[in-house]
Amino acid sequence: MTFKVNGVTYKSAEVDFNAVCFFEDNGLDISDVKKKGNSFMRAYFALCAGISIEDAGVMIQEHIINGGDMKGLADAFIKEID
C-alpha cells in the first residue's frame with residue numbers, strides 16, 4: 001500500500017517485531033495505539049520515510065497546513081496493524 005505526504009508517495013512499512021520495538025524505543029506501547037493515535041502516526045511515518053520522528057512531525061504538519069490530511073497514512077497504518 002502507498003500513501004502521499006507533501007506530494008511524495010511512500011510505501012507502507014510492515015508493522016513487525018522490529019517496528020513494535022521502534023515504537024517502544026520511542027516511548028509508545030502498541031496497546032496505547034487508540035490513546036496516542038497522532039504519536040503513532042508520526043512514528044509510523046518516520047518508519048516509512050526512514051527519517052527521525054521529529055522530522056516526520058514537521059513534514060506531517062507541513063502537509064496539513066498545505067491542505068492535506070492524514071487519511072492515507074492512517075489507512076496504511078491501520079492495514080498494517082490488522
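Here the structure is a predicted model, which means the values were calculated and not measured.
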Determine whether I64 and V58 fall in the same hydrophobic cluster, where Ile, Leu, Val, Met, Phe, Trp and Tyr are linked whenever their side-chain heavy atoms lie under 4.5 Å apart.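 No: no chain of side-chain contacts under 4.5 Å links I64 to V58.
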
Are M1 and M70 connected in a single hydrophobic cluster, I mean Ile/Leu/Val/Met/Phe/Trp/Tyr linked by side-chain heavy atoms less than 4.5 Å apart?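 They do not share one cluster, since no chain of ILVMFWY contacts under 4.5 Å joins M70 to M1.
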
Y44 and side-chain contact (heavy atoms from CB on, under 4.5 Å): which single residue from L73, I78, I53 fits? L73

Please report the C-alpha distance between R42 and N38 in whole Å, then the side-chain angles of each, then the deciding distance to 0.1 Å, and finally whether the side-chain contact (heavy atoms from CB on, under 4.5 Å) criterion is met. CA-CA 6 Å; R42 181 179 70 161; N38 286 326; over 6 Å; no

Exercise: identify the closest heavy-atom pair between [X] and [Y]:
X	Y	answer
S12	E80	OG-OE2, 3.2 Å
A19	L47	CB-CD2, 3.6 Å
V15	F23	CG1-CE1, 4.1 Å
F22	A43	CE2-O, 3.4 Å
I60	M41	CD1-O, 4.1 Å

Evaluate M59 against V8 for side-chain contact (heavy atoms from CB on, under 4.5 Å), listing each step before the verdict. CA-CA 11 Å; M59 290 178 70; V8 177; over 6 Å; no

Nearest 0.5 Å please: distance from the [atom1] atom of [X] over to the [atom2] atom of [Y].
X	Y	atom1	atom2	result
T2	K4	OG1	NZ	8.5 Å
D29	K36	CG	NZ	8.5 Å
D32	F40	CG	CZ	6.5 Å
I81	E14	CD1	CD	13.5 Å

Looking at K71 and D75, is there a salt bridge between them, counting it only when a charged N and a carboxylate O are closer than 4.0 Å?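 Yes.
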
F45 ring center near Y10 ring center (under 6.0 Å): yes

Dump the intermediate steps for side-chain contact (heavy atoms from CB on, under 4.5 Å) on F77 and C48, then the final yes or no. CA-CA 10 Å; F77 180 63; C48 294; over 6 Å; no

Between H63 and N6 (side chain of the first, backbone of the second, donor and acceptor by atom type, cut-off under 3.5 Å), is there such a pair?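 Side chain of H63 to backbone of N6, a donor-acceptor pair under 3.5 Å: yes, one is there.
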
Above 12 or not: heavy atoms from other molecules or residues under 6.0 Å from CD of E62? yes

